[in-house]
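So that the names make sense, note that chain A is the first sequence line, chain B the second, and so on, each numbered from 1. Bear in mind that the values here come from a model prediction, so they are computed numbers and not experimental data.
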Protein chains: 2
Amino acid sequence: MTLSEKAYLAIRRDIIQGKLAAGQPLRMADLSERYAMGFSPLREALSRLQVERLVVAEALRGFKVAPLSVQEMQDAIDTRILVESDALRLSIQHGDDDWSAAIVAALYALNLQVERSIVNVWDIEARHYAFHRALLAACQSPWRLEFFERLYATTERYRIPILIAAGTPSPSRRDIQAEHSAIADAVLAHDAETAVRLLAEHYTRTAMTISARMATVAA
Amino acid sequence: MTLSEKAYLAIRRDIIQGKLAAGQPLRMADLSERYAMGFSPLREALSRLQVERLVVAEALRGFKVAPLSVQEMQDAIDTRILVESDALRLSIQHGDDDWSAAIVAALYALNLQVERSIVNVWDIEARHYAFHRALLAACQSPWRLEFFERLYATTERYRIPILIAAGTPSPSRRDIQAEHSAIADAVLAHDAETAVRLLAEHYTRTAMTISARMATVAA
DNA sequence: AATTTCATAATTTTCGAAAATATATATTGC
DNA sequence: GCAATATATATTTTCGAAAATTATGAAATT
C-alpha cells in the first residue's frame, strides 16, 4: 500500500473519530509530523477527502476539517433514507441465500460486540457499518452503494459522540438492538415495505437524537 | 487559482469530452507535458477524479481513465432518476419566483444555442447542464445536488458521442427540445407528479439511445 | 486611537530529483 | 525451444527544497 493510501485512511479515520476536530485547520507541517510522511502523499489524501466533504479546502489557505451542522446532518440522513430505501428494495429483490446468511452473520457479530463491551466504540462501529452494508449488498447498484458509503461516513461523525455517551451511566432510551433485529427480520422475510419503513424510522430516530444533543451542546 | 485546481478541471473536461479515451493509461510524464506542470498538482487532480470515478487508480501502477460500460451507464441513469425525482419534488415544493424565472431563462438560453448551431457541442452541453441544475436548484439539499453533479458528469461521458452524431445528417428521432419544454411546463405549474414522470421518461429514453448505440459500436 | 504601509514570518503550493517498484529485455540452464 | 533468472529500462511514488502567497506585527500616518 502506498503512503498516499495510508494517509487517506488515517486522516479519514481521525476525522470521523473526532481526533481531528471539526473546523480545525490542517497544517501541512503538523500533518507531516503526525503521520510521519512528506507533503505529497498528505496533499493527495486531503484532495480525496475534499471530494468526500470531510475536508474543506480554500486555495492558498490550505485545508481544514469540514465543520459540523445540524442542517448538514439532517440533509445527509434524509438523503440516506432516500438512497437506502431504494437500495434495500433492490437488495431484497435480487438477494440470494448467501446475501441473507451474510446479514444474519453481520447482525450476530454486531450483537456479540455490543454485549461484550460498550466501551470499545470502534469495534462496535465497524460491525454496525458491516451490518448496514450487508443489507444493501445485493442491490446490484455500485452508484447507490457509493452514495451509501459517502453518507454513512458523513453521519458517522455525528453519531460518535452519542455512541461514546452511551458508555456512560445514563442508558439510552432506544433499544437499538431490537431495531436492528426488526429490520433484519423484515428483510429476511422479503417484506420490503416493512423493512424500508423500519429502516427509515431507525434513521429518523438517530437524526432526532443527534439533533437534540447538538442543541444542548450548542446552548 | 492553483495549478492543482486547473489540472483537475482540465483533466475532468478532457475525460468527459473523450479527449482522454476510456481505459487509457494516464502516465505522469505525458500529463506533465500535456498540461505543462509538475507531478504534484497532477497527482492531486487525479486523486480527486478517482473519488469521482472518472479515473481509476491501482497502487504503484498509476492512473487510467475509467472505462465505460452499459451496466455503469444504466446504473448511473437509474440512480439519477431516483435522486433527481426526489430533488425535483423538493425543488417544486420550496422554489420561489426567482427559481422559476431561472428555469425559464436556462431553457431559453439552451434553445437559443441549440438553434444557433448543433456543431458547437460544448456550448450546448454547458447550457443543458445549467437547465437541469436549475430545475433542482431549490431542493435545499446539498447532498442531493452533490449526487446530481456526480451522476451528471458520469452520464455526460456517454451522451457526448450521441450529441456529436446528432450534428451529422441523420436527424435524431427524439425532439429533445419538446421534452425539455414539457418538463419545464410541469415544473412551473408546480405539477410535481407530471414533472417527475416526464423527467424519468427523458432519462429513460437517453439510456435506451445510449444503450442501443453502445451495442452497435461494440458489434 | 484607528488606519495604512511595510517588512518579517509562517504557510501553502510547486518543482526536480531520488527512491521504490513494476515492466521489458536479455541471459542462462535444462 | 522453453522456463527461470538476472539485468536493464520505464514508471510511479515520495521527499526536500524553492517559489509563491498569505498572515502577522511593528512603524508610520491621519
Side-chain angles (χ1 to χ4, degrees), chain A residues 1-16 18-68 146 149 153 157, chain B residues 1-16 18-68 153 157:
Chain A
M1 189 185 286
T2 62
L3 279 180
S4 186
E5 190 74 12
K6 285 181 189 163
Y8 166 73
L9 293 172
I11 299 174
R12 186 176 195 272
R13 188 200 57 209
D14 287 348
I15 290 174
I16 291 173
K19 290 180 180 175
L20 293 170
Q24 176 184 330
L26 296 166
R27 297 229 169 68
M28 297 311 301
D30 297 348
L31 296 177
S32 185
E33 185 176 21
R34 176 172 186 146
Y35 298 104
M37 59 183 75
F39 290 178
S40 309
L42 289 169
R43 285 186 59 89
E44 285 173 29
L46 293 170
S47 298
R48 289 169 69 173
L49 293 166
Q50 181 189 355
V51 180
E52 298 192 18
R53 300 215 178 177
L54 291 173
V55 153
V56 174
E58 201 174 352
L60 296 172
R61 291 191 194 182
F63 300 88
K64 64 177 184 181
V65 179
L68 297 174
E146 164 89 19
E149 311 238 352
R157 293 182 72 198
Chain B
M1 189 186 286
T2 62
L3 279 181
S4 186
E5 190 75 12
K6 284 181 190 165
Y8 166 74
L9 292 172
I11 299 174
R12 186 176 196 274
R13 189 200 56 209
D14 287 349
I15 290 174
I16 291 173
K19 290 181 181 177
L20 293 170
Q24 175 184 332
L26 296 166
R27 297 232 170 68
M28 296 311 301
D30 296 347
L31 296 176
S32 185
E33 186 177 18
R34 176 172 186 145
Y35 299 104
M37 58 183 77
F39 290 179
S40 309
L42 289 169
R43 286 186 60 87
E44 285 173 29
L46 293 170
S47 298
R48 289 169 70 175
L49 293 166
Q50 181 190 355
V51 180
E52 297 192 18
R53 301 216 177 177
L54 291 173
V55 154
V56 174
E58 202 174 352
L60 296 173
R61 291 192 194 181
F63 300 88
K64 64 176 184 182
V65 179
L68 298 173
R157 292 182 74 198

Engineer: Which distance, rounded to the nearest 0.5 Å, do you find between the CD of Gln50(B) and the CD of Glu44(A)?
Structural biologist: 9.5 Å
Engineer: Using the test side-chain hydrogen bond (donor to acceptor under 3.5 Å, both in side chains), find all partners of Ser47(A) that sit at least two apart in sequence or belong to another chain.
Structural biologist: none
Engineer: When you measure from every atom of DNA chain D, which of residues 32-52 of chain A have a heavy atom less than 4.0 Å away?
Structural biologist: Met37(A), Gly38(A), Ser40(A), Pro41(A)
Engineer: What pairs with Ala21(B) under side chain to side chain contact (heavy atoms under 4.5 Å, CB included), at least two apart in sequence or on another chain?
Structural biologist: Gln24(B)
Engineer: Over all heavy atoms of both residues, which pair between Ala7(B) and Met37(B) is shortest? Give the atoms and the distance, please.
Structural biologist: CB-SD, 3.6 Å
Engineer: Per the end-axis method with five pairs at each terminus, what is the bend angle of the helix from dA1(C)-dT30(D) to dC30(C)-dG1(D), to 10°?
Structural biologist: 0°
Engineer: Taking the side chain as every heavy atom from C-beta outward, state whether Leu26(A) and Val65(A) have any atom pair closer than 4.5 Å.
Structural biologist: yes
Engineer: Using nucleotides 20-23 of chain D, report all nitrogen or oxygen pairs with the protein that are shorter than 3.5 Å.
Structural biologist:
residue	atom	partner	partner atom	Å
dA23(D)	OP1	Arg61(A)	NE	3.1

Engineer: Could you tell me which residues satisfy salt bridge (charged side-chain N to carboxylate O under 4.0 Å, His left out) with Arg157(B), sequence neighbours excluded, listed by chain and number?
Structural biologist: none
Engineer: What residues, two or more places apart in sequence or in another chain, satisfy side chain to side chain contact (heavy atoms under 4.5 Å, CB included) together with Ala59(A)?
Structural biologist: Thr2(B)
Engineer: Within this structure, what is the CG-CD1 distance for the pair Leu46(B) and Ile11(B), rounded to the nearest 0.5 Å?
Structural biologist: 4.5 Å
Engineer: Within this structure, what is the CG-OH distance for the pair Leu42(B) and Tyr8(B), rounded to the nearest 0.5 Å?
Structural biologist: 14.5 Å
Engineer: Of all nucleotides in DNA chain C that come within under 4.0 Å of a heavy atom of chain A, which is furthest toward the 5' end and which toward the 3' end?
Structural biologist: dT11(C) to dT14(C)
Engineer: Set out, in order, the CA-CA distance, both residues' side-chain angles and the distance that settles side-chain contact (heavy atoms from CB on, under 4.5 Å) for Met1(B) and Leu9(B), then state yes or no.
Structural biologist: CA-CA 11 Å; Met1(B) 189 186 286; Leu9(B) 292 172; 4.1 Å; yes
Engineer: Taking only heavy atoms on the protein side, list every residue of residues 1-12 of chain A lying under 4.0 Å from any atom of DNA chain D, sorted numerically.
Structural biologist: Thr2(A), Leu3(A), Ser4(A)
Engineer: Closest approach of Gly38(B) and Ser32(B), non-hydrogen atoms and distance?
Structural biologist: CA-OG, 4.2 Å
Engineer: Only pairs at least two apart or in different chains count here, so list each salt bridge (Lys or Arg N to Asp or Glu O under 4.0 Å) that has a residue in residues 3-13 of chain A.
Structural biologist: Glu5(A)-Arg48(A), Arg12(A)-Glu52(A)
Engineer: With sequence neighbours left out, what residues match Asp14(B) under side chain to side chain contact (heavy atoms under 4.5 Å, CB included)?
Structural biologist: Lys19(B), Leu20(B), Arg34(B), Tyr35(B)
Engineer: Could you grab the distance from atom OG of Ser4(A) to atom CZ of Arg43(B), nearest 0.5 Å is fine?
Structural biologist: 6.0 Å
Engineer: Once side chain to side chain contact (heavy atoms under 4.5 Å, CB included) is applied, do any residues pair with Arg53(A), and if so which ones, sequence neighbours excluded?
Structural biologist: Pro142(B), Trp143(B), Glu146(B)
